[in-house]
Amino acid sequence: MTENEDQRLFESQMELLREGYREKLGQQMDKMTGLLENLEKSLDPLPALETLGHELHKIAGGAGIFGMPELGKKARTLEIQMKGIRERAALGQEVPVSELRTAIGALHVPESLPDPEAPLTSPLPERSSGKAGAGDVEEPGLLIIDPDDKRGRELVLALRYFGYIPKHCAKLSSAAALFPQRPPHAILLSLSASENFFSVTALAEEIREVFPQPPPLMVLSDSLDFSTRLAVARAGGQGFFIRPLDVPKVVDRLEQLIGRREMAPYRVLIVDDEPMVAEHFCLVLQAAGMEVQREEDAARVLDMLSTFRPELILMDVHMEGCSGTELAGIIRMEEEWVGIPILYLSAESKMEEQIRALNSGGDDFLTKPVDDAYLVASVSAHVSRARRLAELMAKDSLTGLLKHIRIKEALEVEMSRSNRDGSTLCVVMLDLDHFKRVNDTWGHATGDRVIKALAHLLTRRLRRSDSIGRYGGEEFMAVLPGCTPEKAEILMEEIRKNLKTIEFHAKEEVFNVTCSIGIACSSLGSSPEEVLQAADQALYRAKEEGRDRICIR
Amino acid sequence: MSTLQRIAYVEDETDIQEVAKMALELVGGFSVAVFSSGQEAVEKMAAFAPQLILLDVMMPGLDGPATLKLLREQESLKDVPAIFMTAKVQTHEVSRYKELGAVSVIAKPFDPMTLADQLKGIWETLP
């Protein structure tokens with residue numbers, strides 16, 4: 001046979017094989033459907049899950065070879081997720097049969113099988129262990145003191161939109177009763193023109209009497225005069241605003257003063273082949289409020305890095321098979337982990353040994369036995385600095401939200417997490433309506449204020465575990481792990497309504513803005529790109545249908 | 001070094017067996033013996049006297065690494081270069097497979113058109 005003949009023979013045989021494989025795929029799908037039926041009836045789901053996993057593995061390996069790479073990839077994703085489902089089932093947790101059916105139904109065999117009925121993006125029902133949509137963040141209390149009742153109430157309403165709990169009273173003396181449990185996060189003191197000649201020291205002292213540890217004070221006034229400003233400064237005032245009040249500006253200052261949401265716990269990975277030692281460090285760091293995972297096998301550390309995504313690695317220098325310094329070398333080879341702090345732990349007290357270890361990619365050296373307090377302090381210091389640096393690099397300077405690339409990374413991280421624990425995740429795309437008009441009419445500085453106001457609304461209303469990013473100019477993206485589409489809609493509906501009611505002041509005029517929102521939910525077998533695309537399409541539909549609304553995919 | 005001719009291939013999936021066998025025979029001109037399980041390979045492979053062993057990693061019963069270990073116990077197969085085929089190719093796994101005595105790892109899904117060339121390439125780098 002000549003080479004050409006060989007080639008033709010190969011191609012024709014390949015075609016035959018492809019056809020045969022496609023037919024067999026149909027049978028495999030039927031088999032999986034049958035397994036799912038059994039799964040619902042059987043008392044022990046593990047054997048069926050095992051076989052399902054094996055079938056998926058076969059498709060994952062085979063489909064790509066027979067010219068169906070997309071199907072192969074999808075099967076691979078599901079195969080990995082099956083592992084988690086099997087592990088949870090072994091612990092006695094319920095098997096998400098209907099979701100599995102949807103996901104397996106969505107395995108699309110090109111050309112030979114009809115389109116699956118169930119769409120890939122159909123949402124998973126809520127899990128009992130799922131987190132609440134909002135509310136695991138404590139909302140900051142604000143004390144508003146305004147002798148003018150109507151004005152005070154208006155300010156309460158305006159600030160509520162931003163997720164604060166403002167309470168109004170006419171006099172400072174009645175404020176204590178409004179905050180019996182804990183003092184407010186900030187005090188907003190509204191002055192009438194006639195009250196501007198108050199006694200400076202008296203005010204500061206009065207506040208201290210009511211709240212022994214005075215919260216930040218902001219003053220709203222009609223008057224611009226210097227004596228009032230001085231009085232406010234002497235009373236410890238940290239903000240001064242002239243009426244008519246520009247609420248987003250006040251919120252901007254409030255956010256700076258009382259800080260953003262609470263910090264997520266530090267994530268630390270301990271690599272030590274002595275379980276007792278690792279356990280001890282683990283307990284000490286956990287007691288300090290950190291999230292800690294242990295890995296005894298150096299070969300699995302790279303995997304752990306990508307799944308757990310620690311912010312610091314605590315590593316024994318002397319381990320069997322692969323030493324700490326060698327492992328550090330391997331970690332530093334991965335571009336992604338060049339910056340992660342690595343702390344060595346060792347009984348090594350020789351200076352030159354320590355120096356050698358530090359030269360091989362470590363950041364610090366702790367000598368065993370390590371004092372518990374010193375360990376916590378050292379880990380905290382390294383993580384907080386690394387976090388600050390990462391934040392500076394990751395965040396958009398105007399809004400303090402994640403930059404485009406980082407929010408997409410956050411989506412990938414959260415997707416892999418939700419794939420592991422079997423929870424759902426929602427992606428929200430939000431775009432300001434007719435934003436160009438705002439910029440054109442009132443200038444870019446005003447436009448920036450609108451962007452910031454929306455950023456504040458989002459950070460205030462969403463949970464600590466949610467990631468929020470500025471996706472483009474006036475486009476925002478949020479990743480809500482463990483959230484159902486229903487909850488995401490309620491949450492975003494609130495933000496949509498609140499944004500609408502905020503009055504922006506510019507050039508003696510008052511205007512409002514609206515936004516359009518698209519929401520999509522992950523399901524078994526979906527990839528980050530697919531969910532993102534679905535959210536984007538939902539947003540597009542919201543725009544098409546007339547803006548100022550939410551669409552869900 | 002001699003020319004590569006005889007390849008032993010251990011794979012439980014019949015579809016993949018067929019396509020790989022065809023790709024290696026038609027495109028590469030090799031002579032291929034297929035074994036459907038680790039057990040079968042352990043029993044029969046020595047008689048074929050392969051120059052190169054190609055092993056799927058994930059198989060029911062004896063998996064690829066376990067099969068290779070048993071093959072290595074046979075005098076005639078002790079030094080035959082082996083290549084694993086797997087979907088999970090990660091840096092540290094490659095090093096683990098190499099520790100087990102594999103000379104290389106081929107990612108699944110492989111491309112039937114280039115599989116033979118890939119093997120030839122690996123063969124040429126061997127001492």
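Residue numbers start from 1 in every chain, and the chains themselves are labelled A, B, ... in the order their sequence lines are given, proteins ahead of strands. Treat the numbers as computed from the prediction; the structure is a model and nothing was measured.
Shown here are the ring-ring contact (aromatic ring centres under 6.0 Å, His included) partners of A:Tyr344, two or more places apart in sequence or in another chain: there are none.
Atom NZ of B:Lys120 is surrounded by more than 12 heavy atoms from other residues, nucleotides or ligands within 6.0 Å. At most 12 non-hydrogen atoms from other residues, nucleotides or ligands lie less than 6.0 angstrom from NZ of A:Lys408.
Of residues 10-22 of chain B, those residues lying under 4.5 Å from chain A by any heavy-atom pair are B:Asp12, B:Glu13, B:Thr14, B:Asp15, B:Ile16, B:Glu18, B:Val19, B:Met22.
To the nearest 0.5 Å, atoms NE2 (A:His57) and NZ (B:Lys108) are separated by 5.5 Å.
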